[in-house]
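For this chain, numbers begin at 1 and follow the sequence in order.
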Amino acid sequence: MAVRSTLAALLAGAFLLAGRVPLPERRHWARLAVVAGGVVVGFPLLTSLALQTSTTSHAAVVVGLLPLTTATFAALRTGRRPSRTFWIAAVSGAVVVLGFTLAESGGALSTGDLYLFGALLVCAAGYTEGGRLAALMPGWRVIGWALVFCLPLMLAASAVALSLEPVHLNAHGIVGLVWVAAGSTFFGLYVWYRGMAAIGIPKASQLQLAQPLLTLVWSVSLLGEDLSPTAPSRRSRSWSASRSPSGRSRDRMTG
C-alpha cells in the first residue's frame with residue numbers, strides 16, 4: 001500500500017511540476033487533508049487489513065455500501081437532498097449488502113468487516129471533499145496534491161515495509177504495482193473526481209454499484225478465488241434494488 005502510494009505521489013508530483021501548478025490556497029488545505037487521509041491512506045490501509053481475514057469477493061460486496069455512504073456524506077456536507085425514491089432504493093441495496101455480510105460471517109460481524117466499514121466511512125469522506133474541490137480546481141490537481149501531501153509519510157512507511165518484508169519482483173508483480181499506482185491511485189481518481197464535479201456527488205456515487213460486481217469478476221478471473229454462491233445472487237439483487245426504482249429520480253438529483 002505504501003509503495004504504490006509513493007509511486008503515485010511521485011507521478012503526481014512530476015505532473016504538478018511539469019504544469020508549474022502553484023500550491024493550493026490555504027482555504028483548501030483542510031479538504032485536501034480529508035482526501036489524503038480518506039482516499040490515499042485510510043481506505044487502502046483498512047481494506048488491506050480486512051483482506052488478511054476476508055476474501056476479495058466478500059470485501060467487494062461489503063464495499064457495495066460505499067454508494068449509500070458517499071451519498072449520505074454528500075447530503076450532509078452540501079445540503080443537497082436527493083429524492084425520497086433515491087434513498088429508499090439506496091437503503092434497500094444497503095440492507096441486502098448487510099444481510100450478505102452477516103450470512104457470510106456466521107451471523108456476526110468479523111474483524112475484517114469492521115475494517116471494511118471503517119474504510120467505507122473514510123473513503124466516503126474523501127470522495128465527498130474531493131468532489132467538492134473538483135468543482136474549484138481540475139480533478140487531477142485534487143488527487144495530485146493529496147498524494148504529494150502524503151509523500152513524506154508514504155516514503156517512511158515504504159522504507160519500513162521493505163525492510164521488514166522480503167521482496168521478490170517478477171513481471172506480474174511489477175505490472176500490478178505500476179497499474180495500481182498509476183492507473184488506480186492517480187489517473188483513476190482524476191477521472192472519478194472530474195466526473196463527480198460534472199454530474200454531482202450523489203448521482204456519481206451510485207455508479208459505484210458496478211464496482212463490487214466487477215471486483216467479483218476480476219477476483220475470480222485474475223486471482224482464482226472461489227466465488228461464494230450467495231455473492232452474485234445477493235449482489236444482483238442489490239444492484240436491481242438500487243438501480244431500477246430510482247432510475248428517473250437520480251437524473252434529477254443534480255438538476
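With hydrogens and angles disregarded, no donor-acceptor distance shorter than 3.5 Å links the side chain of T70 to the backbone of P67. The backbone N or O of A182 sits nowhere less than 3.5 Å from a side-chain atom of T185 that would complete a donor-acceptor pair.
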Give the intermediate values and the outcome of side chain to side chain contact (heavy atoms under 4.5 Å, CB included) for residues V41 and S5.
CA-CA 8 Å; V41 179; S5 295; over 6 Å; no
Residues F117, L46; criterion side chain to side chain contact (heavy atoms under 4.5 Å, CB included); working and verdict:
CA-CA 9 Å; F117 290 138; L46 291 172; over 6 Å; no
Set out, in order, the CA-CA distance, both residues' side-chain angles and the distance that settles ring pair (Phe, Tyr, Trp, His ring centres under 6.0 Å) for F187 and F15, then state yes or no.
CA-CA 11 Å; F187 290 112; F15 271 80; 5.7 Å; yes
Side chain to side chain contact (heavy atoms under 4.5 Å, CB included) evaluation trace for V142 with Y190:
CA-CA 8 Å; V142 175; Y190 153 55; over 6 Å; no
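Y127 and V34 fall into different hydrophobic clusters, where Ile, Leu, Val, Met, Phe, Trp and Tyr residues are linked whenever their side-chain heavy atoms come under 4.5 Å apart, directly or through other members. Side-chain heavy atoms closer than 4.5 Å link hydrophobic residues (I, L, V, M, F, W, Y) into clusters, and following such links, possibly through other members, connects Y115 to L120. L17 and L11 are not part of a single hydrophobic cluster, where members link through side-chain heavy atoms under 4.5 Å apart. No path of Ile, Leu, Val, Met, Phe, Trp and Tyr side chains, each step under 4.5 Å between heavy atoms, connects F73 with L76, placing them in separate hydrophobic clusters. L177 and L162 end up in the same hydrophobic cluster when Ile, Leu, Val, Met, Phe, Trp and Tyr side chains are linked at under 4.5 Å.
Across all non-hydrogen atoms, the minimal contact from P44 to V39 is CD-O, 3.1 Å. Closest heavy-atom contact between A74 and I201: CB-CG2, 3.4 Å. Between V122 and G42, the closest heavy-atom pair is CG2-C, 3.9 Å. The shortest non-hydrogen separation linking L66 to A124 is CD1-N, 4.0 Å. Scanning all heavy atoms of the two residues, the minimum distance from A197 to A135 falls at CB-N, 3.9 Å. When all heavy atoms of A8 and A181 are compared, the closest pair comes out as CB-O, 3.3 Å.
The distance from the CG atom of L121 to the CG atom of L65 is 10.0 Å, given to the nearest 0.5 Å. A distance of 10.5 Å separates CZ of R4 from CE of M154, quoted to the nearest 0.5 Å. For the atom pair CG (L136) and CZ (R31), the distance works out to 6.0 Å, reported to the nearest 0.5 Å. Distance check: R26 CZ to L32 CG gives 12.5 Å after rounding to the nearest 0.5 Å. Taken to the nearest 0.5 Å, the CG atom of L189 stands 7.5 Å off from the CG atom of L147. From W87, atom CH2 reaches atom OG of S92 across 13.0 Å, with rounding to the nearest 0.5 Å.
Two residues are said to be in side-chain contact when any heavy atoms from C-beta on lie closer than 4.5 Å; R132 and M196 fail this criterion.
Grouping Ile, Leu, Val, Met, Phe, Trp and Tyr by side-chain contacts under 4.5 Å, direct or through others, puts L10 with L151, L155. In this structure, V175 stands alone, with no Ile, Leu, Val, Met, Phe, Trp or Tyr side-chain heavy atom under 4.5 Å from its own, directly or through other members.
Applying the side-chain hydrogen bond (donor to acceptor under 3.5 Å, both in side chains) test to pairs two or more places apart or on separate chains, none has a residue in residues 136-155.
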